[in-house]
Amino acid sequence: MSKPPETDNRMEKIVSLCKRRGIIFQSSEIYGGIGGFWDYGPLGAELKRNLRDTWWRAMTRERDDVVGLDATIIMHPAIWKASGHVDTFADLMRECTISNKRVRADHVEPQSGSIMRFKSAKAPTGWTLDREVTILMRQGEHIESFRKRVRQLIAQNAGAAAGKPEDIELQGEEKIEVVERSVDFHPESGGLLNEARPFNLMLRTYVGPTATENDIAYLRPETAQAIFAQFRNVCDSSRVKVPFGIGQIGKAFRNEVTPKNFTFRSREFEQMELEFFIKPDEAVKLIHGKVTAWSEGADLSEPKPDWGWEMWHRYWVAQRTAYYASIGLGADVLDYYWQSRNDLAHYARACVDILFKFPFGTDELEGIAARGSFDLTQHQNHSGKQLEYFDEELKAACDAMTPEQKSSFVAETFSHRTTPHISLEEITATCDKLFKGLYIPHVIEPSAGLDRLALAILANAFAEEEVTDEKGKSEIRTVLRFHPRIAPVKVGVFPLLKNKPELVAKAREVVAMLRPHMAVFYDETGAIGRRYRRQDEVGTPFGITIDFETLGEGDGSQKETVTLRERDSMEQKRIPISKLLPFLLEKIL
RNA sequence: GCGGGCGUAACUCAGUUGGUAGAGUGCAACCUUGCCAAGGUUGAUGUCGAGGGUUCGAAUCCCUUCGCCCGCUCCA
């Protein structure tokens with residue numbers, strides 16, 4: 001998140017358009033809605049389906065090194081223990097009793113100072129605070145500046161009712177005791193923290209009708225873990241060879257504290273995730289004698305056998321960028337955030353966020369993480385099942401090595417270790433596995449949000465432009481400039497007038513011809529200009545109008561031709577009906 | 001969860017000191033040999049977010065609740 005929000009109400013207009021034209025509705029609206037859940041209407045469902053298809057095509061069908069998976073939303077709860085979600089998604093949180101700000105219980109910095117208590121507070125506005133306030137006066141903090149700080153803090157949280165901070169009168173000040181390195185006070189406000197309580201971001205449910213504690217299960221907070229859990233089965237059944245990937249699209253659920261920005265942060269959302277498994281760098285080294293590392297300007301167009309994880313990571317960033325370009329999100333609207341060492345989760349080696357410039361700020365569309373072998377290792381340890389991959393090529397390479405070469409490899413691996421506390425024994429064990437052709441693959445994880453993508457596509461497509469007609473009257477044209485490939489409706493077909501049966505019949509013929517190949521919308525009501533604009537508003541890229549020339553009127557030279565109108569330029573041209581299908585198919589595939 | 005703002009037709013919004021709803025757009029039907037929200041005629045639509053209270057009477061006042069938007073811990 002960065003960039004100041006735009007001053008115009010672009011986002012509101014998009015939300016309004018989405019509702020009015022059946023793209024996105026609030027879930028359960030007739031019952032007052034439910035926070036963080038959104039439905040896709042007729043056009044939104046088409047849009048989302050198109051997006052989902054482009055991902056699936058680009059990531060699985062058009063590649064020979066990626067296969068698909070479609071796993072359940074509810075899985076064995078142990079999966080979430082192994083993945084770390086039970087622990088990291090169920091942090092103990094404590095709240096400041098004054099500011100209500102939350103902190104993770106294990107993230108409270110110890111502080112020293114005097115515990116102060118105020119019995120109550122009141123303001124000239126008539127506002128009163130009738131409860132005790134306990135707050136830490138930090139070591140070295142001047143009593144007056146401390147009181148000023150307390151007033152400000154109280155005023156901030158009382159809202160407008162309390163008036164100006166300096167007018168607040170603190171009552172019954174009392175010094176309780178002096179404490180050293182206490183973790184009971186909020187790091188910023190200094191206010192007393194309440195009891196720690198669990199804060200679970202995973203949605204729970206019960207499997208089985210008894211619904212006891214033993215039946216607790218979770219709705220998956222990400223689709224990725226199923227891929228790791230089924231890694232063995234995919235390997236055993238699909239004749240895949242590392243490097244290869246498993247892709248999956250599906251729903252995921254998170255009990256977000258603050259759903260916001262329309263569909264951007266929802267509690268139920270859809271992910272498109274790829275886990276791309278690669279050989280550990282050590283295996284690459286053993287096979288090829290070297291590992292190609294990333295350098296500026298490296299050729300990422302075709303994967304090479306001697307690539308190390310860094311190259312693969314960069315490769316996927318490039319692939320995903322090309323994907324976004326193919327559906328209309330170019331370099332001008334995207335941004336990248338390379339996480340620093342400090343941002344990274346302990347198991348991640350690198351992570352890049354691909355960001356989109358939303359009207360409410362630049363925010364994440366996709367994260368591409370290099371996760372090492374963390375996940376598979378975790379599942380191997382927790383499940384007790386072997387998740388190592390047997391690499392024939394590696395085995396053959398190692399069989400050709402002398403014992404001396406092997407021991408010098410171990411020594412070299414140890415001296416170049418990236419994990420500081422790892423022992424020589426552990427390194428030796430791992431290397432012995434490698435010499436037998438065994439390793440746990442490392443993984444590159446491009447993980448994208450489908451709903452976020454849909455929102456980005458909408459925000460990117462939304463345009464209001466001023467058009468001036470021949471009479472010099474100007475007005476606003478609302479248009480969604482979807483790439484034809486992902487537009488919910490590809491073409492609108494219109495008889496110029498609906499009270500002429502010949503025109504209607506011909507238009508119906510054109511619809512029947514196109515319908516098996518694409519989403520077509522037929523409209524005969526109102527004036528032709530209105531029908532064009534209606535389609536502009538939902539992003540239909542082409543409009544076809546059947547007129548009397550189509551039927552052979554006039555000099556007959558335009559028989560069997562129609563007007564083809566292009567959404568963005570609003571230009572019209574005459575095209576034979578027989579050429580419509582090839583023309584349109586070329587644009588939308 | 002806390003603070004601030006908001007909730008009236010499909011959408012955008014009016015609605016006076018309490019007297020049971022209005023505009024524009026859109027939508028529907030018909031007319032029109034004509035291509036950029038064209039023109040004409042006709043028409044439909046609201047538990048005033050929900051529940052409760054005060055009152056002879058509530059969109060309007062009070063309480064509760066739900067949702068949305070903006071700020072605090074989130075990373076698809």
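- Under the salt bridge (Lys or Arg N to Asp or Glu O under 4.0 Å) test applied with R320(A), the options E366(A), E273(A), E445(A) reduce to a single match, E366(A).
- Comparing rA10(B), rC68(B), rC75(B) against the side chain of K19(A) picks out rA10(B) as the nearest.
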Between the protein and nucleotides 24-26 of chain B, are there any N/O to N/O pairs under 3.5 Å, and if so, what are the atom names and distances?
none

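- With sequence neighbours left out, the ring pair (Phe, Tyr, Trp, His ring centres under 6.0 Å) criterion links F228(A) to no other residue.
- Residues passing the ring pair (Phe, Tyr, Trp, His ring centres under 6.0 Å) test with F356(A), sequence neighbours excluded: F358(A).
- Between the C1' atoms of rG52(B) and rA58(B), the separation comes to 13 Å (whole Å).
- Among the nucleotides rA28(B), rC75(B), rU33(B), the one closest to any side-chain atom of T525(A) is rA28(B).
- Taking the P atoms as reference points, rG18(B) lies 16 Å from rC56(B), given to the whole Å.
- Pairing partner, rU65(B): rG49(B), with both Watson-Crick or wobble hydrogen-bond distances short of 3.5 Å.
- Residue-to-nucleotide contacts include a donor-acceptor pair under 3.5 Å from the side chain of Q572(A) to the base of rC36(B).
- Look at N499(A) and you'll find a side-chain N or O under 4.0 angstrom from OP1 or OP2 of rU32(B).
- M59(A) has its CE atom 14 Å from the C1' atom of rA76(B), to the nearest Å.
- Under the Watson-Crick or G-U wobble criterion, with both distances below 3.5 Å, rU16(B) is left unpaired in every strand shown.
- An OP1 or OP2 oxygen of rC69(B) is reached within less than 4.0 angstrom by no side-chain nitrogen or oxygen of K260(A).
- Here, rC2(B) and rU47(B) have their C1' atoms 33 Å apart, quoted to the whole Å.
- Which of rC68(B), rA37(B), rG34(B) sits closest to the side chain of L496(A) comes down to rG34(B).
- By the ring pair (Phe, Tyr, Trp, His ring centres under 6.0 Å) test, F262(A) is found to be paired with W38(A), residues two or more places apart in sequence or in another chain being considered.
- In terms of phosphate contacts, R254(A) brings a side-chain nitrogen or oxygen within less than 4.0 Å of OP1 or OP2 of rA76(B).
- Using P as the reference atom, rG40(B) and rG46(B) are 27 Å apart when rounded to the nearest Å.
- There is no side-chain donor-acceptor pair under 3.5 Å between S326(A) and R57(A).
- Put simply, N255(A) has no side-chain N or O that comes within less than 4.0 Å of OP1 or OP2 on rC74(B).
- Each of Q271(A) and D547(A) was matched to the nucleotide of RNA chain B holding its nearest heavy atom; the match closer to the 5' end belongs to D547(A).
- With rC36(B), rC75(B), rA38(B) as the candidates, the nucleotide lying closest to the side chain of M570(A) is rC36(B).
- Here the separation of rC69(B) from rU32(B), taken at their C1' atoms, is 46 Å to the nearest Å.
- The aromatic ring of Y532(A) is not stacked on the base of rA37(B), since the criterion of ring centres less than 5.5 Å apart with planes inclined by under 30° is not met.
- The ring pair (Phe, Tyr, Trp, His ring centres under 6.0 Å) search around Y315(A) returns W307(A), W312(A), not counting sequence neighbours.
- Taking atom P in both rC36(B) and rU42(B), the straight-line distance is 27 Å, to the nearest Å.
- A donor-acceptor contact under 3.5 angstrom links the side-chain atoms of T563(A) to the base of rC35(B).
- Between I30(A) atom CD1 and rG7(B) atom C1' there is a gap of 17 Å when expressed in whole angstrom units.
- When both distances must be under 3.5 Å, the Watson-Crick or G-U wobble mate of rA21(B) does not exist.
- Taking atom NZ of K13(A) as the reference point, atom P of rC13(B) lies 11 Å away to the nearest angstrom.
- Within the structure, salt bridge (Lys or Arg N to Asp or Glu O under 4.0 Å) contacts touching residues 451-467 of chain A (residues at least two apart or in different chains) are K13(A)-E464(A), K48(A)-D451(A), E465(A)-R477(A), E465(A)-R481(A).
- In this structure, of rC30(B), rA37(B), rA76(B), it is rC30(B) that holds the atom nearest to the side chain of K498(A).
- Of the listed nucleotides (rC35(B), rA10(B), rG34(B)), rG34(B) has the atom at the smallest distance from the side chain of F548(A).
- Which of rC11(B), rC35(B), rA76(B) sits closest to the side chain of T545(A) comes down to rC35(B).
- Comparing the P positions of rU8(B) and rG51(B) gives an interatomic distance of 15 Å, to the nearest angstrom.
- Of the listed nucleotides (rC36(B), rA76(B), rU12(B)), rA76(B) has the atom at the smallest distance from the side chain of R265(A).
- Pair check for rA9(B) finds none; no Watson-Crick or G-U wobble contact set falls under 3.5 Å.
- Here rA76(B) is the nucleotide among rC36(B), rA76(B), rU33(B) with the atom lying nearest to any side-chain atom of E364(A).
- If you check rG43(B) for Watson-Crick or wobble pairing at under 3.5 angstrom, you find it paired to rC27(B).
- Using modelled atom types, one finds no donor on one side chain facing an acceptor on the other under 3.5 Å when comparing Q339(A) with Y337(A).
- Atom CD1 of I457(A) is separated from atom P of rA76(B) by 20 Å (rounded to the nearest Å).
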